[in-house]
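The analysis underlying the following values was restricted to heavy atoms, covering all of them including side chains, and did not include hydrogens, waters or symmetry mates. Chain letters run A, B, ... following the sequence lines, proteins first and then strands; every chain starts at 1.
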Protein chains: 2
Amino acid sequence: MNAAEILKTHQLKKTSPRVTIINALQTSQFPLSENEVKDKMGELYDRITFYRSVHTLLEAGIIHRIVADNTTVKYALNHCNEGHHHEADHVHFFCEQCKALVCLNDIKIQSYSLPSGFVKKECDVVIKGLCTSCNPQIEQ
Amino acid sequence: MNAAEILKTHQLKKTSPRVTIINALQTSQFPLSENEVKDKMGELYDRITFYRSVHTLLEAGIIHRIVADNTTVKYALNHCNEGHHHEADHVHFFCEQCKALVCLNDIKIQSYSLPSGFVKKECDVVIKGLCTSCNPQIEQ
DNA sequence: TTTTGTTTGCAACATTATTTCATTTGACAT
DNA sequence: ATGTCAAATGAAATAATGTTGCAAACAAAA
Ligand SMILES: [Mn+2]
Ligand SMILES: [Mn+2]
Ligand SMILES: [Zn+2]
Ligand SMILES: [Zn+2]
């Protein structure tokens, strides 16, 4: 499903910034930060428009935001846009050394029962450590 | 265990900003943001010193940082400083309505097995929803 | 093609975080 | 108690991140 189709499906106008952001995320194997998206957008990048587009895409459920730590925010396409039907119900891995972030789409978030009175809406799980590239046990 | 004792235990110098930050967190039932700590510090608050003190206290394992979302960061004393011996191995709850954050000290983080090659160091879990005060099911 | 409401992009602003460096201070030894 | 010195503070400057208001541009539908 390409950017135009995704936007249409969600009844959003097809605009250049939106299309470019979706393309950037779609062609990347990993979630991207604002600056990484910026690099892929070239001329079409405008900071404010980026923030507003991201907001719209998040609300529509087209992308999800991953907050790896207090200074690292990245974005990824939701897999439901690709035919499979996961939600943002998977675990994320953040490499403390190279700052890479990985969607572990196959590792589902386990459920917790909250104390009574609390209403659960969503659950974010970020595992931190060393990725395969930074693990000294693995020779490259 | 008071602030002076905690600092001594970790071989850190007893300074006014550190003591005041620890006291602020110790006397609060909930994790505090920078501004909430600031309010409790009065004259003794300086932004740069706050950031550096927090960094030191984090490294020493005296406090933990909770990143509730991309714009909400809070801090809490580690319970091991209070006699019990939990680590920062518990789930956090974030109320999307009133932005309150709660350490669910009794709800331990479940373990995940990562794909081979990844090294796990820590795991952050934030559950979002409505707290007991914001849950319309509960009459106040 | 004309209309209409949405989206964009600029400017200005607010908040959060980091680096450099001179001054102060806590801890320890005298 | 006093002096010493490394460590910590606080001021200034800078960078990075996020938000709001508004006029012009644009997408989608008539
Ligand atoms: Mn993901
Ligand atoms: Mn906690
Ligand atoms: Zn890595
Ligand atoms: Zn609440």
What is the separation between atom [atom1] on [X] and atom [atom2] on [N], rounded to the nearest whole Å?
| X | N | atom1 | atom2 | result |
| --- | --- | --- | --- | --- |
| B/Glu43 | D/dT9 | CD | P | 17 Å |
| B/Leu44 | C/dT25 | CG | C1' | 13 Å |
| B/Phe50 | D/dA8 | CZ | P | 17 Å |
| B/Asp46 | D/dA12 | CG | P | 10 Å |
| B/Leu7 | C/dA27 | CG | C1' | 13 Å |
| A/Gln11 | D/dA27 | CD | C1' | 15 Å |
| B/Tyr45 | D/dG10 | OH | P | 12 Å |
| A/His55 | D/dG18 | NE2 | C1' | 12 Å |

Among the candidates [options], find the nucleotide nearest to the side-chain atoms of [X].
| X | options | value |
| --- | --- | --- |
| B/Glu34 | C/dA17, D/dG18, D/dA11 | C/dA17 |
| B/Pro17 | C/dT16, D/dA8, D/dT9 | D/dT9 |
| B/Lys13 | D/dA7, D/dG21, C/dT8 | D/dA7 |

Mutual orientation of the aromatic rings belonging to B/His92 and B/His64 [parallel < 30°, tilted 30-60°, perpendicular > 60°]: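 Rings of B/His92 and B/His64: tilted, 30 to 60°.
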
Any side-chain N or O of [X] less than 4.0 Å from the OP1 or OP2 oxygen of [N]?
| X | N | value |
| --- | --- | --- |
| B/Asn35 | C/dT16 | yes |
| A/Arg18 | C/dT7 | yes |
| A/Thr15 | C/dT8 | yes |
| B/Asn70 | D/dT17 | no |

Donor-acceptor pair between A/Tyr75 and A/Glu36 side chains, under 3.5 angstrom: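 A/Tyr75 vs A/Glu36: no donor-acceptor pair found between side chains.
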
Residues B/Thr27 and B/Lys40: side-chain donor-acceptor under 3.5 angstrom: yes

Upstream residue (5' side of DNA chain D) when B/Leu12 and A/Arg65 are each assigned their closest nucleotide: B/Leu12

Sugar-phosphate, base or nothing in reach of B/Lys14, heavy atoms under 4.0 Å: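 Sugar-phosphate, backbone atoms only, no base.
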
Given DNA chain C, 5'-ward residue of the pair B/Arg47 and B/Ser16, judged by closest heavy atom: B/Arg47

5' priority, DNA chain C, between B/Arg52 and B/Lys8 [closest heavy atom]: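 Looking at DNA chain C, the more 5' nearest nucleotide goes with B/Arg52.
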
Common cluster, B/Leu25/B/Phe50, ILVMFWY with side-chain heavy-atom separation under 4.5 Å: yes

NZ (B/Lys8) with more than 12 external heavy atoms under 6.0 Å: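 Result for NZ/B/Lys8: open.
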
